Protein chains: 2
Amino acid sequence: MANELTSTDALVQASFLIQGMLERRAGEHDISLIQTRLLGILRDRTPTINELAQVLGLDKSSTSGLVDRAQRRGLVRRVPSQLDRRSVRVRLTDAGREQVQAVAAGFAGDIATMLEPLAAEDRAALTRYLSEMLVAHAAAHGLDLFATGTA
Amino acid sequence: MANELTSTDALVQASFLIQGMLERRAGEHDISLIQTRLLGILRDRTPTINELAQVLGLDKSSTSGLVDRAQRRGLVRRVPSQLDRRSVRVRLTDAGREQVQAVAAGFAGDIATMLEPLAAEDRAALTRYLSEMLVAHAAAHGLDLFATGTA
DNA sequence: TATTGTTATACTCTATAACTATA
DNA sequence: TATAGTTATAGAGTATAACAATA
């Protein structure tokens, strides 16, 4: 029995595991993964529908519907833009912020538990390598990993 | 500007990035992420609907529908079980195997490109840490990371 | 009675195309 | 004309509940 994983398998299996954990925590608060992701993005940004669609990798119509459903639950608000009256900015409500913080808290615990078997220095190295990978990928694709959306 | 990520952020961002890559490659073959995942599982197993539901973390009814749609595309077959006439086994067709191999090939290239910025020894260490984490997690949850489904 | 799988139903999520309002 | 966003439509994906067949 081969007890080793290829880089691809390790990354894929880890990604499914993490998504599953996130989905389960979100489910505890009766919210979907994509809704949670939406709220997570809005924690430090107030983007337009188009910007949101770009970040999420969705069509603007899909994004509009996503925001509709979040709004119906009182988690986000559409704020009319003064600069361009065609445009709106999507903003987290207090309820939305509480929601995403509750999910994030539980999930952070899951990650901590998952990393526990690793030695402390290995955990740090893992984080460092992933960060390096993500930063390089973002740079190669002209994305800002640390966008604050304050512009 | 803080150019560092927490463990949680690094893992989450990496998981979304990987899932997005996989989804894009699957989309090139007009297939969804979950369908691709189904086919991937079936590469080395011929599980029942219930077993599949367990692995995918879905309800058996959702799994039944998933298999329906894959079957309609000619990617899988339902094989009646001889041991228990209530049960069926889901098996990849030749077309399904071709499909999943085509997606996997493109995707392996994405992963290689993504890992390229890392030094070779760091790539190896990253894979080792992730594997260690996955093996420990599987053990803690009574799962077999290397199940072959030949039973 | 319990289990395996399917079906009916309802909802979320998604894309495409057509539309409205504004630029 | 072009762009921002919404709406109409269709389909995939999901869970719950009820069901049929088999154990």
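This one's a predicted model, so the numbers in the text were calculated from it and none came from an experiment. In what follows, chains carry the letters A, B, and so on, assigned in the order in which the sequence lines appear, proteins first and then strands, with residues in each chain numbered from 1.
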**Fill in**
With the side chain defined as heavy atoms from C-beta on, B:R72 is closest, among C:dT22, D:dA12, C:dG5, to D:dA12

**Request:** Hey, could you give me the OG1/CG distance between B:T48 and B:L83, rounded to the nearest 0.5 Å?
**Result:** 11.5 Å

**Message:** Working to the nearest 0.5 angstrom, can you tell me the gap between B:L130 CG and B:H137 NE2?
**Reply:** 13.5 Å

Would you indicate what [X] reaches in the nucleic acid, counting non-hydrogen atoms under 4.0 angstrom: base, sugar-phosphate, or nothing?
| X | value |
| --- | --- |
| A:S81 | nothing |
| B:T63 | nothing |
| A:R78 | sugar-phosphate |
| A:R69 | base |
| B:S32 | sugar-phosphate |

**Request:** Look at atom CZ of B:R91 and say whether more than 12 heavy atoms of other residues, nucleotides or ligands are closer to it than 6.0 Å.
**Result:**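 12 or below, so no.
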
Quick one: is [N] close enough that its OP1 or OP2 comes under 4.0 Å of any side-chain N or O from [X]?
| X | N | answer |
| --- | --- | --- |
| B:S87 | C:dG5 | yes |
| A:N50 | D:dT3 | no |
| B:S64 | C:dT6 | yes |
| A:R86 | D:dT6 | no |

**Request:** Give a yes or no on whether a salt bridge exists between B:R77 and B:D94, defined as a side-chain N under 4.0 angstrom from a carboxylate O.
**Result:**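 B:D94 and B:R77: not salt-bridged.
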
**Item:** side chain to side chain donor-acceptor pair (under 3.5 Å) partners of residues 26-43 of chain A, not counting sequence neighbours, each pair once
**Value:**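 Output for this query lists A:R25-A:E28.
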
Nearest-Å distance for atom pair [atom1]/[atom2], residues [X] and [N]:
| X | N | atom1 | atom2 | answer |
| --- | --- | --- | --- | --- |
| A:D68 | C:dC11 | CG | P | 16 Å |
| A:D84 | D:dT3 | CG | P | 12 Å |
| A:L52 | D:dG5 | CG | C1' | 13 Å |
| A:R37 | C:dC13 | CZ | C1' | 14 Å |
| A:I31 | D:dA15 | CD1 | P | 17 Å |
| B:L66 | D:dA12 | CG | P | 11 Å |
| B:E51 | C:dT3 | CD | P | 15 Å |
| A:Q54 | D:dA4 | CD | C1' | 15 Å |

**Item:** First of A:G65 and B:V88 reached from the 5' end of DNA chain C, by closest nucleotide
**Value:**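 Here B:V88 is the residue nearer the 5' end.
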
Show each protein N/O and nucleotides 17-20 of chain D N/O combination with a separation under 3.5 Å, one pair to a line.
none

[X] and [Y]: which non-hydrogen atoms are nearest, and at how many Å?
| X | Y | answer |
| --- | --- | --- |
| B:S7 | A:T127 | OG-OG1, 2.8 Å |
| B:I49 | B:V90 | CD1-CG2, 3.9 Å |
| A:I18 | B:S15 | CG2-OG, 3.6 Å |

